[in-house]
Amino acid sequence: MTQQDRRALVVGLGIAGIATAIGLRDAGWEPVVVERSPERRTGGYFVGIFPDGKKALADLGAAANLHVRNPVDGKDWAVGRSGRARPGSGFLDRPGGPYAVVRGDIEEALWRTLEERGGAEVRFGTRPVAVEQTPYTARVRLLQEATGAETVEEFGLVVGADGVRSSVRKLAFGPDRDYLDQWDAIICAFELAEQVPGLGREDGSIDARSRRAAWVFGFADRTPTALLTYRTTDVDGQFTRPPVETLRDVYAGMDHPSVAHALDQLEQAPHFLFDSVNQVKMPTWHSGRVVLVGDAAWCMNLYSGMGSSMAMRGGADLGAALREHPEDLGAALAAWEAGLRPAITGHQRRARLMQQLFVPSGPVAERVRAAVLAVLGAVGKMASRTRPTAPADDGNVPPSALTSR
Ligand SMILES: Cc1cc2nc3c(=O)[nH]c(=O)nc-3n(C[C@H](O)[C@H](O)[C@H](O)COP(=O)(O)OP(=O)(O)OC[C@H]3O[C@@H](n4cnc5c(N)ncnc54)[C@H](O)[C@@H]3O)c2cc1C
């Protein structure tokens, strides 16, 4: 392959896109990134990073750049049916000692790592509108939103890292209806400008009822984030009014202050995500010189708790496969996909069960969930509880960085 053949277009500057740009750089490719937003994102919703994600961060050389925000003194409060809150098990009590961050923290760590590797050309406010494959290149028409100018460029590889409603997927593989598996659920995620009244600075709370739930995630050094998630048989009907009106109806009667506070704060929030819950299921993630990575290819959805980790894994492994097969792109992409698919399939299956943890499917599931978490909480209290506060280069947590909670 010539140097021209090794110019790769990466669509999307999210976790998958930046991780892929790092992987490409390490494999001797030149990444050119287009991002439809006018600038890089910051902040965002709570993300837990589990051992697979820590390993991917380490493999990308980004572990030391990650700012971890695990609460040191906070408690997670479980709200019961009576509306009374008791100390309970939170997301961070899951096995694997997850890191607590917001999405922007991961993107920042990866961005700094990419810059350390020489960076990449990034074009903001730009998106692809056509992708055509020839035997030797992928020809992409790019639209610059601000001016309306279009250019056509050729690349050795096109990476669609543009999220669950990927435009590259539509252009190169087909319409959403062929690949999007819509679940009967809605999420609304946003940052709280102020902590819930009555909660400690780093506290979180979970009010998980039959078919609707409100989560608050506390951090050591920033204000909390909220996640409202509920089940509905009429997904389209949830988008006919302003989200806050819909949510006020759905959450009527849930009286814990965390719910009222979250809804009030949502009215003021400069940014929020209000969306249906989907998975992306595709028989293959690559075709010729086009490959999809992250949510664009395999969105497992938030309930899996693994989307960020696998987006990083995808970028890191793509770089490794290109290094292993420097002269054979087809072999590299096939090996990459074969290596990743079993883990992704497993996480997609487990997401259904994990959904019960986030938002029980009915009154029985609500009681089972509460009972299981009570037992796990009791077991957890017998064991010594430690939480990581800082990662090391290899993704492992040094003993000095563990704090009891
Ligand atoms: C509420 C919530 C909680 C979550 N919690 C966790 C968790 O605890 N742990 C975990 O591991 N994962 C979690 N996830 C999942 C995780 O956030 C995603 O899997 C991950 O961010 C996917 O990254 P991505 O880069 O593939 O896609 P995205 O984050 O969607 O990024 C896509 C990028 O592409 C850009 N783009 C889109 N279209 C175009 C276009 N046409 N042209 C150019 N650019 C474009 C977008 O602007 C964006 O920058 C959660 C998700 C949600 C919604």
Side-chain angles (χ1 to χ4, degrees), residues 45-46 48 70-94 98 100 185-220 222-232 244 246-267 269 302-303 305 353-385 387 404-405:
Y45 43 76
F46 167 93
N70 289 58
V72 178
D73 295 319
K75 280 192 181 61
D76 283 308
W77 297 93
V79 182
R81 287 195 76 79
S82 63
R84 242 188 92 208
R86 294 195 170 82
S89 296
F91 196 80
L92 297 175
D93 293 304
R94 288 174 55 189
I186 300 288
I187 48 164
C188 184
F190 51 100
E191 301 179 33
L192 296 178
E194 289 165 26
Q195 176 59 289
V196 177
L199 292 192
R201 198 175 59 86
E202 300 180 11
D203 286 358
S205 72
I206 303 158
D207 194 349
R209 310 287 178 88
S210 165
R211 302 185 67 77
R212 51 193 185 149
W215 291 62
V216 172
F217 298 95
F219 297 94
R222 52 154 293 144
T223 52
T225 63
L227 170 69
L228 304 175
T229 179
Y230 62 96
R231 298 183 187 237
T232 174
V244 74
T246 305
L247 288 161
R248 283 201 183 281
D249 282 353
V250 170
Y251 284 85
M254 275 177 73
D255 295 331
H256 190 260
S258 59
V259 178
H261 181 74
L263 290 169
D264 288 347
Q265 296 255 307
L266 177 60
E267 303 220 20
L302 79 156
Y303 303 130
L353 187 60
M354 292 298 299
Q355 187 183 16
Q356 295 285 7
L357 173 73
F358 278 91
V359 53
S361 55
V364 175
E366 180 187 335
R367 280 194 287 276
V368 171
R369 176 192 179 280
V372 168
L373 287 182
V375 172
L376 290 178
V379 172
K381 278 185 197 103
M382 285 189 280
S384 72
R385 293 177 72 192
R387 295 227 168 155
S404 298
R405 183 182 175 230

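Here CZ of R81 is found 10.0 Å from CG of D207. Values are rounded to the nearest 0.5 Å. Taking CZ of R211 as the reference point, atom OG1 of T232 lies at 7.5 Å (rounded to 0.5 Å). H256 NE2 to R84 CZ: the interatomic distance, rounded to the nearest 0.5 Å, is 11.0 Å. Note: R201 CZ to R222 CZ = 12.5 Å, rounded to the nearest 0.5 Å. In this structure, CG on L302 lies 9.5 Å from CE on M354, to the nearest 0.5 angstrom.
Considering only residues two or more places apart in sequence or on other chains, S361 meets the side chain to side chain donor-acceptor pair (under 3.5 Å) condition with Q356. For F358, the ring pair (Phe, Tyr, Trp, His ring centres under 6.0 Å) partners two or more places apart in sequence, or in a different chain, are F91, W215, Y303.
Not a single donor-acceptor pair under 3.5 Å links the side chain of Q195 to the backbone N or O of G218. A donor-acceptor pair under 3.5 Å links the side-chain atoms of D93 to the main chain of G90, judged by distance alone. Not a single donor-acceptor pair under 3.5 Å links the side chain of D76 to the backbone N or O of G88. Judged purely by atom type and a 3.5 angstrom limit, E191 has no side-chain atom pairing as donor or acceptor with the backbone of A269. One N or O on the side chain of N70 and one on the backbone of P98 form a donor-acceptor pair closer than 3.5 Å. Under the 3.5 Å distance criterion, the side-chain polar atoms of R369 are matched with a main-chain donor or acceptor of L357. Looking only at distances, a side-chain donor or acceptor of R231 sits under 3.5 Å from a matching main-chain atom of V359. Side chain of R209 to main chain of G362: no donor-acceptor pair is present (N/O by atom type, distance under 3.5 Å, no hydrogens or angles).
P71 is listed as a side-chain neighbour of L92, based on a closest heavy-atom distance under 4.5 Å.
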Give the intermediate values and the outcome of side-chain contact (heavy atoms from CB on, under 4.5 Å) for residues R248 and E267.
CA-CA 11 Å; R248 283 201 183 281; E267 303 220 20; 2.8 Å; yes

Stepwise, does the side-chain contact (heavy atoms from CB on, under 4.5 Å) test hold for L227 with F46?
CA-CA 8 Å; L227 170 69; F46 167 93; over 6 Å; no

For Y230 and Y251, run side-chain contact (heavy atoms from CB on, under 4.5 Å): C-alpha distance rounded to whole Å, both residues' side-chain angles, the deciding distance at 0.1 Å, then the answer.
CA-CA 9 Å; Y230 62 96; Y251 284 85; 4.0 Å; yes

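Of the candidates L247, V250, I187, L228 forms a side-chain contact (heavy atoms from CB on, under 4.5 Å) with just one, namely L247. When L266, D264, T225, V216 are each tested for a side-chain contact (heavy atoms from CB on, under 4.5 Å) with L192, only one passes: V216.
Here the closest non-hydrogen pair linking P257 and P197 is CB-O, 4.4 Å.
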